[in-house]
Amino acid sequence: MKILITGAAGFIGFHVSKNLVEKGHNVIGLDNLNDYYDVNLKYARLNELGISKESVTTFNKIANSSIYNSFQFIRLSIEDRDKLPKLFKSEKFDVVCNLAAQAGVRYSLENPEAYIDNNIVGFLNILECCRNNTIKHLVYASSSSIYGLNKKVPFETTDNVDHPISLYAATKKSNELMAHTYSHLYGFPTTGLRFFTVYGPWGRPDMAMFLFTDAMVKDKPIKVFNNGNMERDFTYIDDVSESVVRVIEKSTNERLRNKELYKIYNIGNNNSIKLLDFIEAIEKKMGITAEKKLLPIQPGDVEKTWANVDEFIKNYNYIPNTSIIEGVSNFIKWYKKYYNII
């Protein structure tokens, strides 16, 4: 298949793109390479895919990979109502996987406009391009954040999600509602994937795994919110990548045959881990005891997440189950290599 991956220089987008091209698909990656976090990390991910920094300096140029013959990249924002439709028209994609988004719960308190521009306006542009270009299937990133104030665990996709507590979460719920509308009106399948606390090599610098490790290396205290009384369904990036690829590969034709147009899945490890246990796993691997600065819970944060993934396992015969020990070990190996730490 010919597949568009938006957010291809991002954490999940990079891994999904790599997985797809290694399985023989033709992929065009798209990313606006914004400076929400260190853009050099984004360029380094692209370099792993064979796309040099020099080849993506202009917006209209599609860069060809020097490693994967079936991977190309274009620097473009999904908010661009002029260039995005032209890309769809010229490339004639089979499937679109929208992983581009303004991420981060806490940043949504500081810069809410970015979330509306990218997560709402940008997603609408994706939907419009899909319906105007007979796209067979749209897969898109949702988030565990939409469960908001829900207390019942594990979280199930049938739970009510009408109580988000961050604008980021509200935009992700909006994406699911928008996708449902377009599936109903225009008859193309959409699949939303609610990702649960993704971590691993090439991760974002604003996420817990990266923040904790970086602080330990620099002999700085780590910030532990809600006095450590937090639990998360930490999900390893390879499990997430494989889950996304299976949805892309299996669902497209099958969903059209069955006329099942709208689906939502949790993508998690089906296991809630205490934050202090997660920190302890990092400490053991690093050989460092972190100084912990206990702080109140932050606005927009939830105390516990835990994904019920039974339906995903049933439909895709895949169990995301990488252990915390293995996942943490792999991240720290990558971190030390990337930053040249002996």
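Residues satisfying the ring pair (Phe, Tyr, Trp, His ring centres under 6.0 Å) test with Tyr338, not counting sequence neighbours, are Trp202, Trp334. Residues forming a side chain to side chain contact (heavy atoms under 4.5 Å, CB included) with Glu280 (at least two apart in sequence, or on another chain): Asp277, Glu283, Lys284. The salt bridge (charged side-chain N to carboxylate O under 4.0 Å, His left out) test applied to Lys23 returns Glu242, not counting sequence neighbours.
Counted by atom type alone, Asn111 and Tyr107 present one or more donor-acceptor pairs between their side chains at under 3.5 Å. Looking at Thr305 and Asp233, their side chains never bring a donor and an acceptor atom within 3.5 Å of each other. For the residue pair Tyr140/Glu176, the side-chain donor-acceptor check at 3.5 Å is not satisfied. Side-chain contact, Asn227 with Asn229: no donor N or O sits under 3.5 Å from an acceptor N or O.
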Check your understanding: After noting the C-alpha distance and the side-chain angles of Asp214 and Tyr335, does the key distance pass the side chain to side chain donor-acceptor pair (under 3.5 Å) rule?
Key -> CA-CA 9 Å; Asp214 196 58; Tyr335 178 92; 2.5 Å; yes
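Here the side chains of Phe196 and Asn271 are not in contact, with every heavy-atom distance at 4.5 Å or above. When side chains are defined from C-beta on, Lys333 counts as touching Ser329, because their heavy atoms get closer than 4.5 Å. Taking the side chain as every heavy atom from C-beta outward, Phe210 and Arg204 never approach each other to under 4.5 Å. Ser145 has its side chain out of reach of Val302: every pair of non-hydrogen atoms, C-beta onward, lies at least 4.5 Å apart. Residues Ser65 and Ile51 form a side-chain contact, since some pair of their non-hydrogen atoms from C-beta on lies under 4.5 Å apart. With a 4.5 Å cut-off on side-chain heavy atoms, Val247 and Ile267 do not count as touching. A 4.5 Å side-chain heavy-atom check between Ile237 and Ile12 finds at least one atom pair inside the cut-off. Put simply, the side chain of Leu211 does not reach to within 4.5 Å of the side chain of Lys223, judged on heavy atoms.
A salt bridge links Arg106 with Asp301: the closest approach of a Lys/Arg side-chain nitrogen to an acidic carboxylate oxygen falls below 4.0 angstrom. Asp310 and Lys314 are not joined by a salt bridge, as no carboxylate oxygen comes within less than 4.0 angstrom of a charged side-chain nitrogen.
Here the rule is side-chain contact (heavy atoms from CB on, under 4.5 Å) with Gln102, and of Asp117, Ile116, Thr171, Asn34 only Asn34 fits it. The residue from Leu4, Val96, Val95 that alone fulfils the side-chain contact (heavy atoms from CB on, under 4.5 Å) condition with Cys130 is Val96.
Looking only at distances, no side-chain donor or acceptor of Asn118 sits under 3.5 Å from a matching main-chain atom of Ala114. Of the possible polar contacts, one joining the Ser70 side chain to the His25 backbone as a donor-acceptor pair under 3.5 Å is found.
Around CG of Asp219, the count of heavy atoms belonging to other residues, nucleotides or ligands within 6.0 Å does not exceed 12.
Taking the six-membered ring where tryptophan is involved, the planes of Tyr316 and Tyr265 are perpendicular, since the angle between them exceeds 60° and thus also 30°. Between Tyr147 and Phe155, the two ring planes are parallel [angle under 30°; tilted spans 30° to 60°].
Residue Leu275 is grouped with residue Leu294 when hydrophobic side chains (ILVMFWY) are merged at heavy-atom distances under 4.5 angstrom, including chains of intermediate members.
Considering all non-hydrogen atoms of both residues, Ile248 and Cys97 come closest at CD1-CB, 4.0 Å. The heavy-atom pair separating Ala9 from Leu33 by the smallest distance is CB-CD2, 3.7 Å.
Note: Phe331 and Tyr199 fail the aromatic proximity criterion, with ring centroids not under 6.0 Å apart.
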